[in-house]
Student: 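Please read through the structure below; I'll follow up with questions.
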Amino acid sequence: MDSPGVHQAALAERIRAVVRAIAPGQVAGYGEVARRAGLPGRARLAARVLSSNEDPQLPWHRVVRSDGRIAFPAGSEGFLEQGRRLQAEGVAVVAGRVRMPSRTTSLDEAIWG
DNA sequence: CTCATGACTAGCT
DNA sequence: TAGCTAGCCATGA
């Protein structure tokens with residue numbers, strides 16, 4: 001199915017589907033979303049899809065950068081909005097960052113719990 | 001066509 | 001930890 005004849009609209013459709021599949025209280029990186037949509041390396045495309053998204057039902061706020069940072073400029077409206085929505089779902093947001101699934105806070109915690 | 005831009009990433013210093 | 005660089009790719013001027 002991933003033939004070189006697919007349109008951009010179809011790709012955007014897949015990306016939105018993947019974003020919709022992110023469970024509440026969870027987050028995913030742009031690159032991860034793209035990869036799940038069958039588009040490895042297209043993190044930028046995923047970001048573009050969200051930037052041009054018009055669907056109010058799309059949980060775009062669950063998508064962050066690979067390092068857990070919110071992609072919007074700190075202090076911007078989008079930045080505040082995303083942080084607000086994430087915290088409303090129980091996601092810990094500290095200084096514009098969220099804890100990524102496979103990222104430990106400290107070595108001690110990783111070893112000793 | 002070329003050039004600049006951006007809700008990105010990984011690697012190196 | 002932080003900053004810089006190069007690669008990435010769709011869009012618009």
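Since the structure is predicted, the reported quantities are computational estimates derived from the model, not experimental observations. Chain identifiers are assigned alphabetically (A, B, ...) following the order of the sequence lines, protein sequences preceding nucleic acid strands; residue numbering begins at 1 within each chain.
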Student: Heavy atoms, side chains only, cut-off 4.5 Å: are A:Arg48 and A:Tyr30 in contact?
Tutor: no

Student: For A:Gln26 and A:Val91, work out which heavy atoms get closest and say how close.
Tutor: N-CG2, 4.4 Å

Student: Given A:Arg62, which partner from the list A:Glu89, A:Gln82, A:Arg20, A:Arg85 fulfils the side chain to side chain contact (heavy atoms under 4.5 Å, CB included) test?
Tutor: A:Glu89

Student: State which residue, out of A:Ile70, A:Leu58, A:Val33, A:Val49, fulfils the side chain to side chain contact (heavy atoms under 4.5 Å, CB included) condition with A:Val63.
Tutor: A:Val33

Student: Which atoms form the tightest heavy-atom contact between A:Val27 and A:Arg99, and what is the distance?
Tutor: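 That would be CG2-O, 4.5 Å.
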
Student: How close do A:Pro56 and A:Glu54 get, counting heavy atoms only, and between which atoms?
Tutor: CD-O, 3.1 Å

Student: With a 4.0 Å limit, can you tell me whether A:Arg44 has a side-chain N or O closer than that to the phosphate oxygens OP1/OP2 of C:dC8?
Tutor: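 Answer no for this pair, as no side-chain N or O of A:Arg44 is under 4.0 Å from OP1 or OP2.
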
Student: What protein N or O atoms touch nucleotides 11-13 of chain C N or O atoms at under 3.5 angstrom, if any, and at what distances?
Tutor:
none

Student: Expressed in whole Å, how much space separates the C1' atoms belonging to B:dC1 and C:dA13?
Tutor: 13 Å

Student: What distance, rounded to whole Å, do you find between the two C1' atoms, one in B:dG6 and one in C:dC8?
Tutor: 12 Å

Student: Students should find this one: the first and last nucleotides of DNA chain B, 5' to 3', lying under 4.0 Å from a heavy atom of chain A. What are they?
Tutor: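 Under 4.0 Å from chain A, the extent on DNA chain B is B:dG6 to B:dA10.
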
Student: Once you apply a heavy-atom cut-off of 4.0 Å, does A:Ser51 come out as touching a base, just sugar-phosphate, or nothing?
Tutor: base

Student: Counting distance only, does the side-chain N/O of A:Arg42 pair as donor-acceptor with the main-chain N or O of A:Ala34 below 3.5 Å?
Tutor: no

Student: For A:Gly31, report the nucleic acid contact type (base, sugar-phosphate, nothing); a contact means any heavy atom under 4.0 Å.
Tutor: sugar-phosphate

Student: Using every non-hydrogen atom in the two residues, find where A:Leu80 and A:Gly75 come nearest and quote the distance to one decimal.
Tutor: CD1-O, 3.8 Å

